[in-house]
Enquirer: 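First, the structure itself, so that you have it in front of you.
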Amino acid sequence: MPKSTPPESQTVQKEIEKLRDEIRRHEYLYYVLNQPEISDYEFDQLMHRLQELERQHPELITPDSPSQRVGGQPAEEFPKVRHALPMLSLDNTYSVEELRDFDRRVRELAGRAKVEYVGELKLDGLSMALTYENGVLTHGVTRGDGEVGEDVTTNVKTIRSVPLKLDARKLALIGNPARFEVRGEVIMTRKAFEQLNAQREAAGEPRFANPRNSAAGSMRQLDPRIVAERKLDMYLYYLQVQAAEPLPEHARVLEMLAKLGFKVNPNWRLCGTFDAMLAYIEEWEKKREKLEYETDGIVFKVNNTRLWDELGTTAKSPRWAVAYKYAPEQASTRVLDIRPQVGRTGTLTPVADLEPVDVSGVTVSHATLHNMDEIERLGVKIGDTVLIQRAGEVIPQVVKVVKSAPDGREFRMPKKCPVCGGEVHRAEGEVAFRCVNAACPARLKESLLYFAGRRAMNIDGLGEALVDQLVDKGIVHDVADLYSLTHERLVNLERMGDKSAQNLLEEIENSKKTELARLIFALGIRFVGERTGQLLAEHFGSLDTLAKASEEELFEVEEVGPRVAEAIREFFGEPRNMKVIEKLRKAGLQFEQKKTRKAEGKLSGKQFVLTGTLPHYSRDEATRLIEEAGGRVIGSVSKKTDYVVAGADPGSKLDKAKSLGVKTIDEAELLKLLK
Ligand code: IVH
């Protein structure tokens, strides 16, 4: 700190540093350990406070501040950087015999030294080297050709599990080096990948083929704001402290990386024998399908790092490590038919009906073809023999055509919806074909199932068979109609007894208490998943405020980018949707967020309304200040309002406050309340 810093600024600096440490700790708990201690709302409050202080004292902003993860202007290009030590790749093995050969070579070269291996999952992403100087992340560089990579630091900083700064205690564990390097794999989870592809399709952009390509493609983005939306993650597996003797065992390295605060894949194992290696391979062959991210094999590394130098490297890869690759979960079969399936948003997705085939223990009889562009890219026709692949729990995909049928029939997207006969449209620039009929039964059925889903309104008992009847018999026309179902209506349906009708009605009644976050999710707004629903509910506090929110107001919500904002505006701009929302309100659903998560403070329980222009604070800043003190800011004045904060050129709200006898204050008085 410079000597001339005034005392007031010193206290601010202290508060800023305290906040940063606290935020770093919560980022670590949330993104690295997956064990948050506070709610997202509370986390956001900390971040807002930090941003506010930094805005008031821009001279105190440092690049390692948690507020600076997404910073700077889009790059023109990425500078090339030479790696201090080349980034090698691995030799692949595909069979137990090849792996045995590797083990034999290692043992021969090791002589009498004891040989153990660390088995690690081989994550399917892109490798990256991170440099820390005095504990601060200064460089993130791609592998490139192994000798020279690209400096993508601005993009790496957006990965929330990557620490921007290590605290002194951690740095001391490795002897306070002025500089050290870690390496690992940047990955995209399967879920983030699916979400990204759905967005791309909606925007008329081509799909990414797999999570690895999308992770790599994201890292090449020149605009860090886009990278931040991509939700990448990074696992570390290598540590190099130039000035120090390496740790004697790789297992210790992994433990040290974790202690330093890096994300380390927890599934590694020390294997003392060849049989233990085989057992590890076998165990993860099935388990890996359930992981959130893709893996394509196992990496074995000699545990004794003193042997690494002795074993040396070949031109491209070390002799002390090897990859065992799992056979891809693929099989070939014949396409019996291709038919369009209508989804919740009206999108017609071509699905291939396949001659049933076994793919690593699972019988597959359908595969998705995604869209017409994909069909063209693959050149697939009905009758062709295709290679299909499944990864994890997702719907199998067609990889390529292996044999074209001489009499193969081309698939054409129908002009009319196969379910309702409505027009099928392909909007300008969009990949997807959509049924334009908002009342299309297929769309309605999908939305009902989505609305009733466990993660949404959780209406147990509203399954496919029932939804089919409710829609086909014209009993239910939108999700809100569920709330006017009667016992009489229900018992007359097939397979519906007295008891189950009663249970269902109870479930529906109970669902009215569902919290706002889930209701927002249940509405099925494009791109609004569970987490976004949560963030929106916490930010706006009521469905009505959300419905009225402008694009700028939506942008204030963390993780809401232009596409999400546009989708939300589109949804609430549609009169049909607003009608449904009115029906839901009448039914008595929770349109307000319970205040359980609000901070306790000076203004707890107090309601504020802002009007006019305040001399020093923008409306958002004032809102933040009030909320941080536990108060609530609402849009309109009522008898329940405690204070109306009026600035220059106040609107009709001031008149209303006067007529209702609500206390009116100015900015200075507000600040006094906050003191
Ligand atoms: S060690 C010299 N460990 O696989 C050793 N690599 O095919 C270099 N990979 O370039 C890497 N998971 O991108 C190592 N647990 C793991 C890995 C891993 C994925 C990638 C990495 C590497 C490639 C080699």
Side-chain angles (χ1 to χ4, degrees), residues 1-3 5 10 13-33 50 54 59-69 71 81-87 118 127-141 149 151-154 156-186 234-266 268 301 303-306 308-309:
M1 204 187 310
K3 281 207 191 76
T5 321
Q10 283 188 14
Q13 167 125 30
K14 277 218 183 88
E15 182 178 358
I16 286 187
E17 267 159 21
K18 220 177 115 214
L19 269 170
R20 286 180 186 159
D21 282 344
E22 207 174 337
I23 292 172
R24 285 186 189 117
R25 192 171 78 85
H26 289 301
E27 280 187 325
Y28 174 69
L29 288 167
Y30 187 98
Y31 292 101
V32 178
L33 298 186
L50 174 63
E54 287 181 340
E59 74 284 359
L60 298 178
I61 298 179
T62 55
D64 62 3
S65 170
S67 65
Q68 305 300 305
R69 284 202 176 266
V81 179
R82 181 165 289 277
H83 294 292
L85 279 175
M87 283 182 86
V118 169
S127 43
M128 187 75 64
L130 311 181
T131 303
Y132 285 79
E133 291 171 38
N134 301 315
V136 176
L137 173 67
T138 53
H139 293 282
V141 182
D151 187 324
V152 292
T153 314
T154 44
V156 172
K157 284 174 78 175
T158 68
I159 305 174
R160 304 289 292 262
S161 58
V162 171
L164 300 184
K165 184 184 177 188
L166 305 188
D167 68 44
R169 264 172 310 159
K170 288 180 177 165
L171 207 56
L173 294 171
I174 48 173
N176 298 311
R179 187 190 164 96
F180 71 93
E181 190 181 315
V182 289
R183 292 178 182 178
E185 200 79 354
V186 173
M234 182 169 185
Y235 288 95
L236 285 300
Y237 47 65
Y238 174 94
L239 169 69
Q240 165 87 25
V241 184
Q242 249 105 6
E245 188 65 13
L247 290 166
E249 290 179 35
H250 182 61
R252 299 288 90 75
V253 170
L254 294 177
E255 284 163 0
M256 180 57 80
L257 284 167
K259 278 193 206 139
L260 290 172
F262 292 103
K263 196 161 185 169
V264 173
N265 197 287
W268 61 273
K301 300 173 185 172
N303 186 38
N304 181 348
T305 54
R306 301 226 162 92
W308 288 14
D309 273 347

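Just so it is clear, the model here is predicted, and its values are computed rather than measured.
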Enquirer: Testing the basics here: between His83 and Gly149, what is the closest heavy-atom pair and its distance to 0.1 Å?
Expert: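 Heavy-atom minimum between the residues: NE2-N, 3.8 Å.
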Enquirer: Kindly compute the distance separating NE2 (His26) from OH (Tyr30), expressed to the nearest 0.5 Å.
Expert: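 One finds 13.5 Å between NE2 of His26 and OH of Tyr30.
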Enquirer: Got Glu54 and Gln68 here, is their nearest side-chain heavy-atom distance under 4.5 Å?
Expert: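 Result yes, sub-4.5 Å side-chain heavy-atom pair found.
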Enquirer: Output the distance between atom CG (Leu257) and atom NZ (Lys263), rounded to the nearest 0.5 Å.
Expert: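 Here the rounded value is 14.5 Å.
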Enquirer: To the nearest 0.5 Å, what is the distance between CD on Glu22 and CD on Glu15?
Expert: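 Rounded to the nearest 0.5 Å, the CD-CD separation comes out at 10.0 Å.
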Enquirer: For Ile23 and Pro66, which heavy atoms make the closest approach, and how far apart are they?
Expert: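 Looking at all heavy atoms of both residues, the shortest contact is CG2-CB, 3.6 Å.
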Enquirer: Using side-chain heavy atoms (C-beta onward) and a distance below 4.5 Å, is Phe262 in contact with Val32?
Expert: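 No; the side chains remain at least 4.5 Å from each other.
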Enquirer: By the side-chain hydrogen bond (donor to acceptor under 3.5 Å, both in side chains) test, which pairs, at least two apart or in different chains, include something from residues 243-253?
Expert: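 Of all non-adjacent pairs touching residues 243-253, those that pass side-chain hydrogen bond (donor to acceptor under 3.5 Å, both in side chains) are Glu120-His250, Glu249-Arg252, Glu249-Asn303, Arg252-Glu255.
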Enquirer: Nearest 0.5 Å please: distance from the CD1 atom of Ile16 over to the CD1 atom of Ile61.
Expert: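 Atom-to-atom, Ile16:CD1 and Ile61:CD1 are 8.0 Å apart.
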Enquirer: Minimum heavy-atom separation for Ser65 to Leu50, with atom names?
Expert: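 In terms of heavy atoms, the two residues are closest at OG-CD2, 3.7 Å.
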Enquirer: Tell me whether the NZ or CZ atom of Lys170 lies within the 45° cone about the ring axis of Tyr132 and under 6.0 Å from its centre.
Expert: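 Relative to the ring axis of Tyr132, which defines the angle, Lys170 lies outside at least one limit.
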Enquirer: Drop me the distance from Asn265's CG to Leu254's CG, to the nearest 0.5 angstrom.
Expert: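 Separation between the atoms: 9.5 Å.
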Enquirer: For residues 234-242, tabulate all N or O donor-acceptor pairs below 3.5 Å that involve a side-chain atom, not counting sequence neighbours.
Expert:
residue : atom : partner : partner atom : Å
Tyr237  : OH   : Glu185  : OE1          : 3.1
Tyr238  : OH   : Gln240  : OE1          : 3.2

Enquirer: What is the minimum heavy-atom distance between Met128 and Gly140, and which atoms define it?
Expert: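 It is SD-C, 4.1 Å.
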Enquirer: Is His139 close to Glu133 at the side-chain level, that is, under 4.5 Å between some pair of heavy atoms?
Expert: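 In short, these two side chains touch, coming nearer than 4.5 Å.
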Enquirer: Quick check: does any side chain N or O of Thr138 sit under 3.5 Å from a backbone N or O of Thr131, one acting as donor and the other as acceptor?
Expert: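 Yes: the side chain of Thr138 pairs with the backbone of Thr131.
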Enquirer: Among all residues two or more places apart in sequence or in another chain, which pass the side-chain hydrogen bond (donor to acceptor under 3.5 Å, both in side chains) test with Asp64?
Expert: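 Per chain and number, Asp64 pairs via side-chain hydrogen bond (donor to acceptor under 3.5 Å, both in side chains) with Thr62.
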Enquirer: Arg69 side chain to Lys157 main-chain N or O, any donor-acceptor pair under 3.5 Å?
Expert: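 Side chain of Arg69 to backbone of Lys157: a pair is present.
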Enquirer: Among Leu260, Leu130, Val253, find the residue that satisfies the side-chain contact (heavy atoms from CB on, under 4.5 Å) test when tested with Val182.
Expert: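 Of all the options given, the one that passes is Leu130.
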Enquirer: Examine distances only and state if a side-chain atom of Thr305 and a backbone atom of Pro248 form a donor-acceptor pair shorter than 3.5 Å.
Expert: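 Yes, because the side chain of Thr305 sits within donor-acceptor range (under 3.5 Å) of the backbone of Pro248.
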Enquirer: Looking only at non-hydrogen atoms, find the nearest pair between Tyr28 and Ala258 and report the distance.
Expert: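 Heavy-atom minimum between the residues: OH-O, 3.8 Å.
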Enquirer: What heavy-atom pair brings Asp151 and Val81 nearest, and what distance separates the two atoms?
Expert: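 Where Asp151 meets Val81 most closely, the heavy atoms are CB-CG2, 3.6 Å.
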Enquirer: I want to check something: taking the side chain as every heavy atom from C-beta on, are Leu85 and Arg183 in contact at a cut-off of under 4.5 Å?
Expert: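 Leu85 reaches Arg183 side chain to side chain.
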Enquirer: Under a 4.0 Å threshold between the charged nitrogen and the carboxylate oxygen, would Arg24 count as salt-bridged to Asp21?
Expert: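 So Asp21 pairs with Arg24 through a salt bridge.
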Enquirer: In Å, rounded to the nearest 0.5 Å, how long is the span from CG of Leu137 to CG of Leu164?
Expert: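 Output value for this atom pair is 6.0 Å.
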Enquirer: Heavy atoms, side chains only, cut-off 4.5 Å: are Lys14 and Lys18 in contact?
Expert: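 Lys14 does not reach Lys18 side chain to side chain.
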